[in-house]
Amino acid sequence: MVDLSVKIGSLRLKNPVLTASGTFGYGRDYDEYLDIAQLGGIVTKTITLNPREGNPMPRIAETPAGMLNSIGLSNVGADRYLSDKLPALKNVDTVVIANVAGDTIEEYGEIVSRIQDQSRIDGIEINVSCPNVKQGGLAFGTNPDITAEVVRISRLETEKPLIVKLTPNVTDITEIALAAQESGADAVSCMNTLVGMGIDISTRKPLLHHILGGLSGPSIKPVALAKAYQIVQVLDIPVIGIGGIMTWEDAVEFLLAGVTAVQVGTLSFVDPYGSIAIIEGLRLYCQKNGISKVENLIGGMIQS
Amino acid sequence: MVDLSVKIGSLRLKNPVLTASGTFGYGRDYDEYLDIAQLGGIVTKTITLNPREGNPMPRIAETPAGMLNSIGLSNVGADRYLSDKLPALKNVDTVVIANVAGDTIEEYGEIVSRIQDQSRIDGIEINVSCPNVKQGGLAFGTNPDITAEVVRISRLETEKPLIVKLTPNVTDITEIALAAQESGADAVSCMNTLVGMGIDISTRKPLLHHILGGLSGPSIKPVALAKAYQIVQVLDIPVIGIGGIMTWEDAVEFLLAGVTAVQVGTLSFVDPYGSIAIIEGLRLYCQKNGISKVENLIGGMIQS
Amino acid sequence: MIHICEITEQHSITNNIYRMRLKAPMIASSAKPGQFIHIKVRTGIDPLLRRPFSIHRIDPGNEEIILLYRKAGRGTSILSQMSPGDSLDLMGPLGQGFDLQTSFDHAIIVAGGMGSAPVFFLIDELLKAKKKITLLWGVRAGEEIFNENEIRKQGIELKVATEDASKGHCGFVTDLLSEYLSKNITKNTYSGFVCGPECMIHEVQKIVESVDFRWQASLEARMACGVGVCLGCAVLIRERGFQMVCKDGPVFDLREVQFNG
Amino acid sequence: MIHICEITEQHSITNNIYRMRLKAPMIASSAKPGQFIHIKVRTGIDPLLRRPFSIHRIDPGNEEIILLYRKAGRGTSILSQMSPGDSLDLMGPLGQGFDLQTSFDHAIIVAGGMGSAPVFFLIDELLKAKKKITLLWGVRAGEEIFNENEIRKQGIELKVATEDASKGHCGFVTDLLSEYLSKNITKNTYSGFVCGPECMIHEVQKIVESVDFRWQASLEARMACGVGVCLGCAVLIRERGFQMVCKDGPVFDLREVQFNG
Ligand SMILES: Cc1cc2nc3c(=O)[nH]c(=O)nc-3n(C[C@H](O)[C@H](O)[C@H](O)COP(=O)(O)OP(=O)(O)OC[C@H]3O[C@@H](n4cnc5c(N)ncnc54)[C@H](O)[C@@H]3O)c2cc1C
Ligand SMILES: Cc1cc2nc3c(=O)[nH]c(=O)nc-3n(C[C@H](O)[C@H](O)[C@H](O)COP(=O)(O)OP(=O)(O)OC[C@H]3O[C@@H](n4cnc5c(N)ncnc54)[C@H](O)[C@@H]3O)c2cc1C
Ligand SMILES: Cc1cc2nc3c(=O)[nH]c(=O)nc-3n(C[C@H](O)[C@H](O)[C@H](O)COP(=O)(O)O)c2cc1C
Ligand SMILES: Cc1cc2nc3c(=O)[nH]c(=O)nc-3n(C[C@H](O)[C@H](O)[C@H](O)COP(=O)(O)O)c2cc1C
Ligand code: FES
Ligand code: FES
């Protein structure tokens with residue numbers, strides 16, 4: 001028997017595979033395709049204090065080995081999240097992480113405070129990749145001081161495990177990751193999407209209504225792995241790897257680079273069962289290679 | 001007859017397609033596969049004052065729709081560049097751009113001064129993606145002040161068209177591009193490779209000896225297009241688009257986003273004739289669509 | 001549900017329109033007209049996303065579904081190169097089909113281009129329910145019209161418009177609709193159905209503004225998940241806000257769709 | 001040169017070793033043993049890069065070249081699914097082959113695993129030049145040994161080593177070499193050739209340190225361009241510094257190769 005469990009701060013996950021925010025709805029949308037209790041955990045779609053309609057269409061496009069999205073944080077808002085979405089996860093034996101965002105630093109504190117007493121929420125992931133109007137539209141997470149402030153204010157509101165989801169669109173991600181750690185984050189997840197765009201040459205229109213969007217999928221895997229590896233070198237808290245994970249081999253790659261768990265995003269769109277297939281693949285890989293605990297893989301890269 | 005020519009500062013290119021530095025040797029390596037006089041221009045491999053052996057193996061690896069490299073600026077050095085490589089391009093009717101780099105700000109000035117009186121060199125591209133030891137190994141081009149200083153010192157040495165090749169691994173590329181423009185650059189090229197990595201899970205070793213390397217190829221196209229578009233919005237000088245261009249459609253996409261010319265890199269490895277195929281494709285596309293000058297495409301994206 | 005289905009037949013109808021049969025017992029026995037399937041045209045990462053296709057027809061006896069598709073880009077050209085015996089990974093049936101429960105006697109169907117794909121399944125069901133049918137069918141070139149005899153033999157009133165004047169009315173299918181409405185419709189025992197490109201559907205919306213029976217439209221949008229998760233395929237529906245074409249549609253009440261511009 | 005070549009034959013030799021024939025007149029007429037071709041296994045971006053394969057043999061009469069390859073990953077498994085009639089885009093012949101101009105009577109060849117691929121072309125040329133040949137061939141399992149009778153009939157001395165003891169010596173081909181050298185070699189009318197995985201070649205380098213005839217080794221390295229441009233496939237060669245496996249090799253003087261560690 002292989003022990004697949006891992007620990008993110010005080011959270012024990014039955015295995016290191018979670019589904020990423022925005023790619024698994026509020027947790028029950030893929031019930032027809034998989035048993036969510038088999039997952040290490042679910043990160044729900046980013047919620048904000050008030051509901052949001054999201055951006056005009058088109059919102060998605062395909063790119064070489066990837067996709068662009070500019071959904072615009074369309075979500076049901078905190079009230080409906082608490083009244084409709086969370087209760088639907090009541091008796092599910094897996095970890096539920098609520099992902100939250102705000103328009104201002106204060107709003108991060110408010111949304112955390114609004115949901116933090118829910119026993120069904122096992123951890124809170126802070127999405128700092130939203131545009132900060134005060135900073136000229138650059139994401140909160142591109143500035144270490146602002147990131148620190150967002151984390152600090154959220155930390156004041158909750159004792160639940162607090163995970164900061166980093167944006168990769170920065171010069172030095174270790175600086176931001178350290179700021180998150182020093183302000184009280186229990187873990188960081190790395191990474192959100194890269195900024196990208198595309199143009200339909202037949203109509204001459206941008207592929208996305210908002211022109212710029214977020215790139216995800218296998219094309220970004222090498223970048224995600226590099227960022228995760230870089231922050232693993234400087235942090236003491238656990239890192240969750242995200243970006244382009246499609247197979248159990250990809251998951252092993254991230255674990256060897258030093259992350260404690262992974263999230264899969266775009267994969268679910270292509271193969272709703274893909275996250276479970278990764279878990280099965282990990283188990284088999286460990287069995288075959290005599291690895292009794294998946295934790296033993298973490299950081300196991302051999303430097304040549 | 002379609003007019004494919006474009007202007008980069010005082011440089012007139014017969015068409016907007018150049019081959020990117022490091023992917024076309026010193027200009028004559030692909031002679032068996034194409035007639036280089038048909039190219040808009042050639043950017044030669046980055047040269048430094050002294051020859052460099054480059055990094056230990058492995059230096060390259062394949063990734064989803066892309067590749068990683070850490071060649072380590074292996075090059076013949078300024079002397080052999082001038083004595084062997086440049087003369088071989090003597091009677092070729094195309095634009096030759098020398099790409100240069102240094103270990104210190106001063107070295108940039110020295111290498112520019114060393115080559116700038118060569119009539120065969122039509123322009124100089126400054127590679128600011130090399131690690132700056134004084135800045136803790138971050139590339140020169142990640143800091144606007146250092147970029148400005150590199151450009152200023154190079155500008156003092158030459159009146160040749162000066163192109164600054166930007167690194168994408170920054171929070172705000174417009175800031176760096178503006179610094180380059182204000183310090184006297186005649187154009188910028190965008191972009192160099194993204195930082196990425198990979199691990200061979202069977203050996204547990206990193207795919208590259210140096211662990212981190214540069215990601216190129218179709219996977220980075222959406223990022224390259226976004227960066228190019230962003231700097232086109234703020235600059236007055238021309239922008240050359242680079243990153244993942246594989247087809248004439250990709251080239252049109254970049255032109256519509258506002259670049260004046262493009263460079264193709266990884267494509268040449270996959271299809272040495274690819275650059276010429278792009279030029280032919282562009283010509284045909286213009287003909288079919290009644291576009292008399294390719295310049296009319298530049299910035300032609302229609303915002304919805 | 002995800003199904004691995006064998007291709008049992010593949011034919012080209014024109015230069016770039018293909019008809020494909022797939023062994024898919026579960027879908028053949030449960031699908032409704034207007035629903036679609038979501039296909040991974042090949043394993044691996046290129047192309048990455050699935051491609052949505054309406055169910056063109058079902059052949060329950062053979063446990064088969066039939067697709068009708070146009071070679072439009074990378075995904076469909078890979079599809080077009082596949083052969084009987086090859087397998088496809090598909091999800092479905094997805095989405096809400098046409099609502100045929102409302103009371104009406106006479107279906108008036110407007111189909112444009114590949115919008116004809118779902119229309120044949122719709123017609124098969126309408127015939128079972130003994131409805132009168134008028135089909136207004138617009139295409140670029142006459143060669144894209146197929147099954148003409150079968151259609152007429154079934155007692156369906158068929159009017160064709162071609163953009164290149166090679167068959168029927170020269171012009172748009174919306175011309176046929178305007179003409180039809182101006183002549184025929186008096187009472188509201190009709191029900192309207194429209195499938196085709198967005199601009200055509202938008203045009204139909206304007207034309208039928210004043211007629212007082214129900215119109216259902218089948219919309220298209222770029223899709224990632226196909227099941228309402230990614231929120232990528234939104235369409236603005238009056239009073240309901242953004243709805244997902246994949247999950248809440250692809251069939252919507254025509255009058256409630258808010259097109260951009 | 002880039003060639004679009006038709007596959008004329010494809011057979012599996014074992015579970016995952018394949019032999020492929022390609023119509024390639026220019027290559028068949030000009031290639032030298034030790035050279036390789038660089039294949040785009042399919043159009044598009046996945047996989048992105050070409051894959052290098054030694055020329056296993058040529059059949060000039062039929063204007064064909066023959067490859068021998070192991071299904072190792074994505075690219076080779078796509079190759080293994082191709083059929084006669086399909087076409088491949090390939091560059092070649094590339095690199096410097098073996099130098100057969102040096103004077104020697106007796107070739108001693110060490111082949112490990114897929115290193116046997118270029119060896120057959122080499123043997124064909126050595127036979128034409130009327131050289132004596134000793135082939136030491138190491139594989140994991142006996143089933144990977146093929147053409148055994150043909151080889152012996154040609155008067156070649158063949159010794160086999162298998163790791164699973166299913167044929168010949170149980171162990172490594174380097175054991176065979178040590179033994180062979182300890183018994184046979186007295187004068188320097190020999191010339192040595194070695195093809196196989198890096199660790200084996202490295203081992204051979206150590207073993208032949210004290211013998212005083214020339215050894216040539218065919219190396220492998222991950223490649224992008226295949227023609228010396230990307231500088232990706234460097235190998236450290238004594239006195240010459242970094243050389244490119246694709247352009248300066250893949251054949252190098254064994255004694256001059258500097259392996260890591
Ligand atoms: C509900 C629904 C039903 C459809 N039914 C049919 C049908 O029965 N027959 C048929 O021929 N076509 C149908 N389409 C359109 C079909 O999905 C596209 O033609 C197909 O996705 C094109 O893929 P490609 O790879 O060949 O083109 P590419 O242009 O290479 O595709 C690039 C991306 O754009 C998307 N895309 C391109 N065209 C369309 C389009 N018209 N609608 C939505 N997304 C698009 C693709 O899915 C892909 O993500 C339907 C679309 C939807 C949404
Ligand atoms: C000069 C030369 C000659 C060769 N001749 C033969 C031959 O005749 N028969 C044969 O079976 N194999 C040969 N190889 C090895 C062959 O190139 C690889 O097995 C093949 O590239 C694997 O591709 P893949 O997509 O199946 O594997 P993947 O592991 O999916 O490939 C991923 C990447 O690694 C590279 N790679 C993987 N394995 C090797 C390897 N052993 N050497 C170099 N690059 C590798 C691939 O080219 C690709 O870029 C040769 C290699 C070289 C350099
Ligand atoms: C359609 C879509 C919607 C997303 N929405 C969110 C979101 O609401 N909040 C968030 O933190 N990340 C969101 N993401 C980012 C993913 O959680 C993930 O970080 C990213 O897609 C990279 O992982 P992948 O390559 O596995 O998809 C979204 C991604 C996609 C593709
Ligand atoms: C193998 C390799 C070597 C490169 N060497 C250089 C170099 O010496 N100098 C430089 O400025 N850029 C170098 N580049 C970056 C390319 O010029 C180009 O900016 C990058 O590859 C993105 O373009 P592409 O996606 O078309 O390859 C190199 C790229 C590759 C793949
Ligand atoms: S395609 Fe994902 S919500 Fe419709
Ligand atoms: S593969 Fe590019 S130099 Fe050898």
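First the proteins, then the strands, lettered A, B, ... as listed; each starts at 1.
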What closest approach, in Å, do A65(B) and A65(A) show between heavy atoms, and which atom pair accounts for it?
-> CB-CB, 3.7 Å

Applying side-chain contact (heavy atoms from CB on, under 4.5 Å), run through L194(B) and L194(A) and close with a yes or a no.
-> CA-CA 11 Å; L194(B) 286 171; L194(A) 285 171; 4.3 Å; yes

Output the option from G244(A), P64(A), P218(A), A226(A) having the highest count of non-hydrogen pairs under 4.5 Å with chain B.
-> A226(A)

Contact class of L215(A) relative to chain B, heavy atoms under 4.5 angstrom = side chain

Are M301(A) and M197(B) close enough, and set up right, to give a side-chain contact (heavy atoms from CB on, under 4.5 Å), and what steps lead you there?
-> CA-CA 12 Å; M301(A) 186 178 89; M197(B) 77 177 268; 3.9 Å; yes

Looking only at L212(B), D200(B), L255(B), most heavy-atom pairs under 4.5 Å shared with chain A are made by L212(B)

Given a strict heavy-atom distance threshold of 4.5 Å, which part of T203(A) is in contact with chain B: side chain, backbone, both, or neither?
-> backbone

L297(B) and R204(A): CA distance, side-chain angles, deciding distance, side-chain contact (heavy atoms from CB on, under 4.5 Å) verdict = CA-CA 10 Å; L297(B) 282 174; R204(A) 295 197 177 186; 3.2 Å; yes

Give, as side chain, backbone, both or neither, the part of I201(A) having an atom under 4.5 angstrom from any heavy atom of chain B.
-> both

Heavy-atom pair with the smallest gap, counting every atom of E253(A) and I199(B) = OE2-N, 2.9 Å

For P222(B) and L68(A), which heavy atoms make the closest approach, and how far apart are they?
-> CB-CD2, 4.3 Å

Side chain, backbone, both or neither of F254(A) within contact of chain B (heavy atoms, under 4.5 Å) | neither

Quick one: what part of L256(A) sits under 4.5 Å from any heavy atom of chain B, side chain, backbone, both or neither?
-> both

When only pairs under 4.5 Å are counted, which of K205(B), H210(B), Q230(B) shares the most heavy-atom pairs with chain A?
-> K205(B)

Report the distance from atom CD of Q303(A) to atom CD1 of I211(B), rounding to the nearest 0.5 Å.
-> 4.0 Å

Greatest number of non-hydrogen atom pairs under 4.5 angstrom with chain B, of D172(A), L207(A), V252(A), falls to V252(A)

T142(B)-T171(A) side chain donor-acceptor pair, cut-off 3.5 Å = no

All heavy atoms of P206(B) vs all of I302(A), minimum pair found to be CD-O, 3.1 Å

For S219(A) against S219(B), the heavy-atom pair lying closest together | CB-CB, 3.5 Å

Heaviest contributor of heavy-atom pairs below 4.5 Å to chain B, chosen from N143(A), N289(A), L225(A), is L225(A)

